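Encoded as structure tokens, the structure appears first; notes follow it.
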Amino acid sequence: MNAEGLVEVVLPGKVEPEGLEIRHGAVPTAGPGQVLIRMEATGVSFAEQQMRRGRYYDQPAFPFVPGYDLVGTVTATGEGVKPGLTGTRVAALVKVGGWASHVLVDAADVVPVPDGVGAAEAETLVLNGITAWQMLHRKARVRAGQTVLVHGANGGVGSVLVQLARAAGAKVIGTASARHHEALRAQGVTPIDYRTEDIPARVRELAPGGVDAVFDHVGGRSAIDSWHLLAPGGTLVAYGSASTRDDEGSKQLPVLKLLGRIWLWNALPNRRRAYFFNIWAGRALAKNRFRTRLRADLTQVLAALQRGDITPRIAAQLPLSRIADALRLAESGTVAGKIVLNP
């Protein structure tokens with residue numbers, strides 16, 4: 001069927017970016033309920049940076065093919081799948097396996113990409129877009145006129161959060177290093193330099209009554225500060241512990257500490273709420289409900305992209321064969337937007 005072969009990137013163990021291996025093989029065949037996607041774009045997310053260090057809290061055993069999400073064209077369908085899917089461009093959230101030229105995905109997990117949306121543009125919004133949408137609309141339920149604080153406002157998730165919050169009519173305060181401030185101001189965001197400014201003090205100046213929502217991917221001390229900045233009725237959505245990326249020791253501990261703190265905060269009678277956002281929550285218990293929600297939310301995000309509410313930010317596009325360069329670039333913290341990989 002396929003004259004071309006399979007090309008995939010394998011993470012063999014805890015290695016430097018140069019230690020990732022390129023493997024060649026036969027293109028897999030779609031089984032019952034599956035589709036075969038010819039990958040057009042996948043990306044480097046924070047999860048892979050943690051997986052490379054063995055620090056992602058539920059990563060599979062080494063060796064495995066990383067790649068959290070992908071966009072591509074369906075080239076074959078398995079038994080029981082509508083044959084009409086063949087030839088359509090779709091997006092999928094897979095957690096691992098995306099860094100490959102051809103990927104098998106359950107047909108129930110693919111979301112059609114609207115006409116006129118490029119593969120790389122759509123790719124920047126699969127993991128980041130679903131995360132931002134669900135945190136903003138399902139957890140914090142942000143409404144017009146509210147004020148929100150977005151940490152890492154120029155990051156992969158942060159930049160989408162900022163744009164979706166603005167589209168929803170919210171006022172946005174965003175932390176970022178100084179070089180990103182001009183771009184943030186142009187989007188109607190009030191920037192704070194997390195390197196030189198006292199974030200809590202500055203936020204209190206800008207929002208004396210507190211903020212209605214905080215989105216925090218840093219964890220640790222930052223999450224505690226974030227909680228104290230909430231207005232009555234406000235929501236903290238924590239979605240990571242980036243501050244511990246390079247730590248040694250238990251990879252579960254920072255998350256467990258944060259979860260314990262969130263449990264305690266929610267037990268207090270203070271009209272504020274805290275959540276630890278995990279995009280996979282609910283999948284084990286109610287797979288169909290999880291899929292329906294994911295499909296609905298990604299469809300909304302792609303529609304927002306089509307409307308122009310979100311401008312996708314592609315920092316660089318590199319072929320899979322240059323995965324070491326792509327990872328180094330992603331981890332350097334010097335680029336704005338998503339590093340996209342092409343076959």
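We number each residue from 1, following the sequence as shown. All of these numbers come straight from a predicted model, not from anything done at the bench.
In terms of heavy atoms, Ala238 sits closest to Ile262 at CB-CD1, 4.3 Å. In this structure, Val110 and Arg295 approach most closely via the heavy-atom pair O-NE, 3.8 Å. Taking both residues in full, the closest heavy atoms of Pro232 and Gly209 are given as CD-O, 4.2 Å, listed atom of the first, atom of the second, then distance. Contact between Ala140 and Phe215 at its shortest, heavy atoms only, is CB-CZ, 3.8 Å. Listed here is the closest heavy atom pair of Ser101 and Gly5: OG-O, 3.7 Å. When every heavy atom of Gly233 is checked against every heavy atom of Arg272, the shortest pair comes out as N-CG, 4.4 Å.
By the 4.0 Å N-to-carboxylate-O rule, Asp193 lies too far from Arg195 to be salt-bridged with it. Between Arg53 and Glu331 there is a salt bridge, with a side-chain nitrogen of the basic residue lying less than 4.0 Å from a carboxylate oxygen of the acidic one. Look at Asp106 and Arg291 and you find a salt bridge, because one of the NZ, NE, NH1 or NH2 atoms lies within 4.0 Å of a carboxylate O, short of that distance. Between Glu182 and Arg185 there is no salt bridge, since none of the side-chain N atoms of the basic residue sits less than 4.0 Å from a carboxylate O of the acidic one. The residues Arg202 and Asp198 are annotated as not salt-bridged, no charged nitrogen and carboxylate oxygen being separated by less than 4.0 angstrom.
Under a hydrophobic clustering in which Ile, Leu, Val, Met, Phe, Trp and Tyr are joined whenever their side-chain heavy atoms come within less than 4.5 Å, directly or via other members, Ile314 and Leu127 fall into different clusters. Placement of Ile173 and Leu164 in two distinct hydrophobic clusters is found when ILVMFWY residues are connected by side-chain heavy-atom separations under 4.5 Å, directly or transitively. Tracing side-chain contacts under 4.5 Å through hydrophobic residues (I, L, V, M, F, W, Y), one never reaches Met135 starting from Leu229; they form parts of separate clusters. Residues Val218 and Leu258 do not share a hydrophobic cluster, clusters being chains of Ile/Leu/Val/Met/Phe/Trp/Tyr side chains in contact below 4.5 Å. Trp227 is not connected to Val237 by any chain of hydrophobic side-chain contacts under 4.5 Å among Ile, Leu, Val, Met, Phe, Trp and Tyr, and they are in different clusters.
At least one donor-acceptor pair closer than 3.5 Å links the side chain of Thr124 to the backbone N or O of Glu121. Of the possible polar contacts, none joining the Gln306 side chain to the Ala303 backbone as a donor-acceptor pair under 3.5 Å is found. Side chain of His102 to backbone of Leu36: no donor-acceptor contact under 3.5 angstrom is found. No donor-acceptor pair closer than 3.5 Å links the side chain of Glu21 to the backbone N or O of Val9. Between the side chain of Arg23 and the backbone N or O of Val10 there is no donor-acceptor pair closer than 3.5 Å. In this structure, the side chain of Asn342 does not engage the main chain of Ala41 through any donor-acceptor pair within 3.5 Å. Although no hydrogens or angles enter the test, the distance criterion places a donor-acceptor pair under 3.5 Å between the side chain of Arg89 and the main chain of Val117. Judged by distance alone, the side chain of Gln146 and the main-chain N or O of Ala170 form no donor-acceptor pair under 3.5 Å. Between the Asp109 side chain and the Ala92 main chain, no donor and acceptor come within less than 3.5 Å of each other. No donor-acceptor pair closer than 3.5 Å links the side chain of Arg261 to the backbone N or O of Trp265.
When each of Val203, Leu236, Thr235 is paired with Val211, the side-chain contact (heavy atoms from CB on, under 4.5 Å) condition holds for Val203 and for no other. Here the rule is salt bridge (charged side-chain N to carboxylate O under 4.0 Å, His left out) with Glu18, and of Arg52, Arg328, Arg322 only Arg328 fits it.
Ring geometry for His137 versus Trp133: interplanar angle of 30 to 60°, hence tilted.
Looking at Thr42 and Glu123, their side chains never bring a donor and an acceptor atom within 3.5 Å of each other. A donor and an acceptor atom, one from each side chain of Thr147 and Asp212, are nowhere located under 3.5 Å apart. Between the side chains of Thr131 and Asn128, no donor N or O sits under 3.5 Å from an acceptor N or O. Inspection of the Ser159 and Asn154 side chains reveals no N or O donor paired with an N or O acceptor under 3.5 Å.
The cationic atom of Lys95 (NZ for Lys, CZ for Arg) does not lie both less than 6.0 Å from the six-membered ring centre of Tyr68 and within 45° of the ring axis.
If you take CG on Leu125 and NZ on Lys338, they are separated by 9.0 Å, rounding to the nearest 0.5 Å.
Counting heavy atoms of neighbouring residues, nucleotides and ligands inside a 6.0 Å radius, atom CG of Asp58 exceeds 12 of them. The environment of Arg143 atom CZ is sparse: at most 12 non-hydrogen atoms of other residues, nucleotides or ligands sit within 6.0 angstrom. Heavy-atom contacts from other residues, nucleotides or ligands closer than 6.0 Å to CH2 of Trp280 number more than 12. Counting non-hydrogen atoms of other residues, nucleotides and ligands closer than 6.0 Å to CZ of Arg289 gives a total of 12 or fewer.
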